[in-house]
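Single-structure report; data block below.
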Protein chains: 2
Amino acid sequence: MDEIKKYGDILKKNNLKNTKHRNSVIHIIESSNSPITAEEIFLSLKEKGISISISTVYRVLGILVKNRLVVKLNVAEQNKACFEINNKEHKHHLFCVGCKKMIAVDECPIQKYQEILEEKLGFDIKGHKLEIYGYCKSCKEENVVE
Amino acid sequence: MDEIKKYGDILKKNNLKNTKHRNSVIHIIESSNSPITAEEIFLSLKEKGISISISTVYRVLGILVKNRLVVKLNVAEQNKACFEINNKEHKHHLFCVGCKKMIAVDECPIQKYQEILEEKLGFDIKGHKLEIYGYCKSCKEENVVE
DNA sequence: ATTCATGCAAACGGTTTGCACGCAT
DNA sequence: ATGCGTGCAAACCGTTTGCATGAAT
């Protein structure tokens, strides 16, 4: 209820119609603790008894990304896109090569770096994406094999 | 000639057959000053009068990536992979949102950051990808709008 | 001679699109 | 009442694969 209202306002602010599906998709993305794929959203919704077409998922995602409510990520070695809420707080991700999970981290180490590049190359930097990969604690422990 | 010899050695060292196509693909990637797609490689070769199948390009790329001679990149907002020579020196990329070109830069600002994360989260970090986007000098100048 | 690389065409999987219908405004 | 959102199925496009042929060792 409150949720729906909340998203409704966000959508309205962007001149978008406040539909059930848009609210559902935003809700799924927001309540996921890591970036998720379109298909995962689709399945999550199905699990909750919400029937939606995969193409609608993509269309909603497109709109959310265009309106900067959601961020699209392309992870290396993965040929599908992931989506996460754009909660402004600048985030980066650790990607576990073992279990394929992502972990968000808050600190950003490269503000100064960017300034240097801007000056040096005349580049007007709008943002960046940092993706760190390796083995998470549990996968590390399983993989005692060197 | 020398080129072919050079790649031949590299290939041999990896127990790979020294074929004309493999040499050509490596050469194209190496002589490109920014990461390129499989199709771009395919077209570059065609332009040079070298007839190769697109599936061979992909197969060669797969082998080169597996043997760490080449690195595969997945850029956000792009649903195709880019490839570049893995010249060991750690590189990052500026991606121009205007002209879609990539610029490689050498410095890496996040070594220390990684160590902190490893300690804090028990993550075993194997590598990272930093992607910075914005407008390059010339696009910036065209885009005086706003 | 054997093993592996290649071309072709067909399959694949994630994503997009055209069209007819349905819902939010 | 109108315009925009949605479902469906088909198209799309980057990438992969099976199979028969050709080249490198």
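A, B, ... follow the sequence lines: proteins, then strands. Residue 1 opens every chain.
- Comparing B:Thr37 and A:Thr19 by the nucleotide of DNA chain D whose heavy atom lies nearest to each, the residue mapping closer to the 5' end is A:Thr19.
- We find that CZ of A:Phe42 is positioned 11 Å from C1' of D:dG7, with the value rounded to whole Å.
- Scanning residues 53-61 of chain B for heavy-atom distances under 4.0 Å to DNA chain D yields B:Ser55, B:Tyr58, B:Arg59.
- Rounding to the nearest 0.5 Å gives a distance of 12.5 Å between CG of B:Leu61 and CZ of B:Phe42.
- Counting heavy atoms from C-beta outward, A:Leu11 and A:Thr19 have side chains that stay 4.5 Å or more apart.
- Without hydrogens or angle criteria, B:Arg22 side chain to B:Lys17 main chain gives a donor-acceptor distance under 3.5 Å.
- Nucleotide D:dT15 holds its C1' atom 12 Å from the CD atom of B:Glu39, rounded to whole Å.
- The residue among B:Lys12 and B:Phe83 whose nearest nucleotide of DNA chain D lies closer to the 5′ end is B:Phe83.
- Residue B:Ile52 contributes atom CD1, which lies 15 Å from atom P of D:dA23 at whole-angstrom precision.
- Counting heavy atoms from C-beta outward, A:Ser44 and A:Lys48 have side chains that stay 4.5 Å or more apart.
- Rounded to a whole Å, the CD atom of B:Glu40 is 11 Å from the P atom of D:dT15.
- Counting to the nearest Å, the P atom of D:dG14 and the CD1 atom of B:Ile36 are 15 Å from each other.
- Computed from C1' positions of five pairs at each end, the angle between the two local axes of the helix from C:dA1-D:dT25 to C:dT25-D:dA1 equals 30°, rounded to 10 degrees.
- Chain A approaches DNA chain C over the interval C:dG14 to C:dT25, counting the first and last nucleotide 5' to 3' with an atom under 4.0 Å from its heavy atoms.
- Across all non-hydrogen atoms, the minimal contact from A:Leu45 to A:Ser24 is CD2-CB, 3.6 Å.
- Put simply, CG on A:Asn23 is 10 Å from P on D:dT6, counting in whole angstrom units.
- Between B:Ile50 atom CD1 and B:Ile41 atom CD1 the span is 12.0 Å, to the nearest 0.5 Å.
- Of the options A:Ile63, A:Ile29, A:Val25, a side chain to side chain contact (heavy atoms under 4.5 Å, CB included) to A:Val70 is made by A:Ile29 and by none of the others.
- Atoms NE2 and OG, on B:His27 and B:Ser32 in that order, are 11.5 Å from each other to the nearest 0.5 Å.
- A:Asn67 contributes atom CG, which lies 5.0 Å from atom CG of A:Leu16 (distance to the nearest 0.5 angstrom).
- Close to D:dA23, at under 4.0 Å from its OP1 or OP2, lies no side-chain N or O of B:His21.
- Base engagement by A:Lys17 is indicated by at least one non-hydrogen atom pair under 4.0 Å involving a base atom.
- Scanning all heavy atoms of the two residues, the minimum distance from B:Pro35 to B:Glu40 falls at O-OE1, 4.4 Å.
- Considering all non-hydrogen atoms of both residues, B:Lys72 and B:Ala81 come closest at CE-CB, 3.6 Å.
- Rounded to a whole Å, the CG atom of A:Asn18 is 10 Å from the P atom of D:dT6.
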